[in-house]
Amino acid sequence: MEEYLRTAGEWVGWVAEAMGALIIAIAIVRGAIDYATQLVQRTTPLPKTRIRLNLGRSLALSLEFLLAADIVRTAIAPSWDDISKLAAIAAIRTALNFFLEREIGTEGQEVQAEKTDDPVHGAPAK
């Protein structure tokens with residue numbers, strides 16, 4: 001029975017890891033397309049903040065999937081070595097996610113401020 005659970009955990013972990021990698025790949029392609037489109041159009045200054053914000057959100061989500069993959073793989077009959085590795089990985093990914101979310105929040109506020117000050121895309125500034 002334990003072997004079946006271990007195999008199922010490996011499969012679920014693999015799927016979660018693949019989803020995390022897919023999210024990153026899509027975000028990279030989308031960011032590159034957005035950036036290239038803005039370079040060609042050049043009707044407004046490049047919205048680097050918006051592109052970075054979208055990429056940051058995708059990276060935060062992918063970190064969650066990758067952490068979930070590690071947790072699932074370690075959940076079935078872990079050794080102390082497995083637990084210590086998971087703790088280190090979880091700490092690093094959680095710290096990365098914390099700082100990424102903080103930057104996303106800061107940049108989100110900047111984007112809102114830009115919209116408020118831009119009469120074309122947001123409410124006119126007073």
Report summary line: Between the CD atom in Glu10 and the CD atom in Glu17, the distance rounded to the nearest 0.5 Å is 9.0 Å
Report summary line: Of all heavy-atom pairs linking Asn97 and Ala60, the shortest is OD1-CB, 3.3 Å
Requested in this report: Rounded to the nearest 0.5 Å, what's the gap from CD1 on Ile23 to OG on Ser58? Could you check?
Outcome: 7.5 Å
Report task. Determine, stepwise, if the pair Glu64 / Arg93 fulfils side-chain contact (heavy atoms from CB on, under 4.5 Å). Result -> CA-CA 8 Å; Glu64 297 293 337; Arg93 288 189 178 158; over 6 Å; no
Report task. Would you check if there is a donor-acceptor pair between the side chains of Asp82 and Ser79 at a distance under 3.5 Å? Result -> yes
Query raised in the report: Which pair of non-hydrogen atoms, one from Ala27 and one from Leu55, has the smallest distance, and what is that distance?
Result: CB-CD1, 3.7 Å
Report task. Determine, step by step, whether Val29 and Ile33 satisfy the side-chain contact (heavy atoms from CB on, under 4.5 Å) criterion, reporting the C-alpha distance in whole Å, the side-chain angles of both residues, the deciding distance to 0.1 Å, and the verdict. Result -> CA-CA 6 Å; Val29 169; Ile33 290 170; 3.7 Å; yes
Report task. May I ask you to decide if Ile104's main-chain N or O and Arg57's side chain share a donor-acceptor pair within less than 3.5 Å? Result -> no
Requested in this report: Test Arg52 against Glu103 for side-chain contact (heavy atoms from CB on, under 4.5 Å), laying out the working first.
Outcome: CA-CA 10 Å; Arg52 286 184 64 212; Glu103 183 155 342; 2.3 Å; yes
Query - Cluster check Leu61, Met19: I/L/V/M/F/W/Y, side chain < 4.5 angstrom - result: yes
Query raised in the report: Does one hydrophobic cluster hold both Leu100 and Leu66, with members joined at side-chain heavy-atom distances below 4.5 Å?
Result: no
Query raised in the report: What residue among Val72, Leu96, Thr94, Ile92 forms side chain to side chain contact (heavy atoms under 4.5 Å, CB included) with Leu67?
Result: Thr94
**Report entry** Phe65 reachable from Leu86 in the ILVMFWY side-chain graph, under 4.5 Å edges
**Finding:** no
Report task. Using modelled atom types only, decide if a donor and an acceptor are shared between the side chain of Thr74 and the backbone of Ile71 within a distance under 3.5 Å. Result -> no
